[in-house]
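A quick write-up on the structure given underneath.
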Amino acid sequence: MSVFPPNRPSDAAILKAFDHYHFPRPNRPLVVGLRRAEEPGTWNDLIGVMGGGISLWFNGTTDPGRRPMQGGPGVHWAGVARIQPGYHKGMWGWGWHKGNRRHPCLKQKSPVPFERWRHNKWNAYDPDIRGFNLHRSRWDGQPEFVGAYSHGCIVIPDRIEHWELCKTLGYPDPPLSDEQTKHRIDFVLIDWSAYVTP
């Protein structure tokens, strides 16, 4: 299974990036994020599942929306956050975004290094659990801009595409059993705008 959104790098190019950063190549499905040129408010990044013969990709964002980056209600006093690039082993498990059972997501289960936008620059922080989930935007249709749908989460704007990613990873029908809630999924985030193709 392979889906190619516009301007998606080939699987071979993405695997070369894995090798460049000394990440283990996926032998079972994991989530990969390609953070492209930083354009707050746009769905210009790529979110995919690779491994086990799967290469499935969607447009989305790995950055906060423009509105959270400008601060205001609901934004942490130290600035909005996002995940730092890297190989984040066992980062996600099955869950619901903000506890809403109509909103299945990949929920952050292990600490990851992150950064906050403050004084017009990204400042690095040590690994922590900050609620960096992979979720959809609204229930119906796709918003044109990220807006407040991401305060640092990984977001796929289209509900159907988001659910397709979850199903591909084996998201079970709720309610979740104790065994299912222990399931973990790795996340690889590559800053594609900074990566120089060898």
Review point. Are Y21 and W192 connected in the hydrophobic side-chain network, where two residues link if heavy atoms are under 4.5 Å apart?
Key: yes

Check your understanding: Of the options L30, V31, L56, which is the one that meets L169 in a side chain to side chain contact (heavy atoms under 4.5 Å, CB included)?
Key -> V31

Review point. Among the clusters formed by ILVMFWY side chains lying less than 4.5 Å apart, do M69 and Y125 turn up in the same one?
Key: no

Review point. Quick one: are F187 and I154 in side-chain contact, heavy atoms under 4.5 Å?
Key: yes

Review point. Taking C-beta and beyond as the side chain, do I14 and Y195 meet within less than 4.5 Å on heavy atoms?
Key: no

**Study point:** Lys NZ or Arg CZ of R159 over W139 ring: under 6.0 Å, within 45°
**Key:** yes

Exercise for review: Dump the intermediate steps for side chain to side chain contact (heavy atoms under 4.5 Å, CB included) on W57 and L34, then the final yes or no.
Suggested key: CA-CA 10 Å; W57 293 87; L34 301 183; 4.1 Å; yes

Point to revise | Donor-acceptor pair, side chain of R116 and main chain of G79, under 3.5 angstrom | key: yes

Review point. Can you list the steps and then say if R138 with Y149 is a side chain to side chain contact (heavy atoms under 4.5 Å, CB included)?
Key: CA-CA 8 Å; R138 63 189 180 210; Y149 287 110; 3.3 Å; yes

Check your understanding: Does L189 share a hydrophobic cluster with F58, counting links as ILVMFWY side-chain heavy atoms below 4.5 Å and allowing steps through other members?
Key -> yes

**Study point:** Any donor-acceptor N/O pair, Q108 side chain to S110 backbone, under 3.5 Å
**Key:** yes

Exercise for review: Using only heavy-atom distances, determine whether the side chains of T61 and D63 contain a donor-acceptor pair under 3.5 Å.
Suggested key: no

Exercise for review: Verify the neighbour count for atom CZ of R67: are there more than 12 heavy atoms of other residues, nucleotides or ligands below 6.0 Å?
Suggested key: no

Check your understanding: Given the rule that I, L, V, M, F, W and Y join up when any side-chain heavy atoms are under 4.5 Å apart, are V146 and F132 in one cluster?
Key -> no

**Study point:** K167 with E164: basic N within carboxylate O range, under 4.0 Å
**Key:** yes

Check your understanding: With the 4.5 Å side-chain cut-off for hydrophobic clustering, are W117 and V75 part of the same group?
Key -> yes

Check your understanding: Under 3.5 Å, is there a donor-acceptor pair between the side chain of D158 and the main chain of I160?
Key -> yes

Check your understanding: Does R82 make a cation-pi contact with W122 (under 6.0 Å, within 45 degrees of the axis)?
Key -> yes

Practice item. Answer with yes or no after comparing the ring centroid distance for H135 and H103 against a 6.0 Å cut-off, counting only values under it. Key: yes

Revision key, fill the gap. Which of V155, T62, L165 passes side chain to side chain contact (heavy atoms under 4.5 Å, CB included) with L134? Answer is L165

**Study point:** Pair W94-L106, side chain to side chain contact (heavy atoms under 4.5 Å, CB included): steps then yes or no
**Key:** CA-CA 5 Å; W94 310 129; L106 302 186; 3.3 Å; yes

Exercise for review: Take Y171 and W163 through the test ring pair (Phe, Tyr, Trp, His ring centres under 6.0 Å) and record every step on the way to the result.
Suggested key: CA-CA 9 Å; Y171 196 106; W163 182 239; 5.5 Å; yes

Check your understanding: Using the benzene-type ring in the case of Trp, are the ring centres of W43 and F145 under 6.0 Å apart?
Key -> no

Review point. Would you say the side chain of F114 lies within less than 4.5 Å of the side chain of P127, judging by non-hydrogen atoms?
Key: no

Review point. Going by distance alone, is a donor N or O of one side chain under 3.5 Å from an acceptor N or O of the other, for R36 and S193?
Key: no

Exercise for review: Quickly, which of V188, I83, D186, I185 forms a side chain to side chain contact (heavy atoms under 4.5 Å, CB included) with H88? Name it, please.
Suggested key: I83

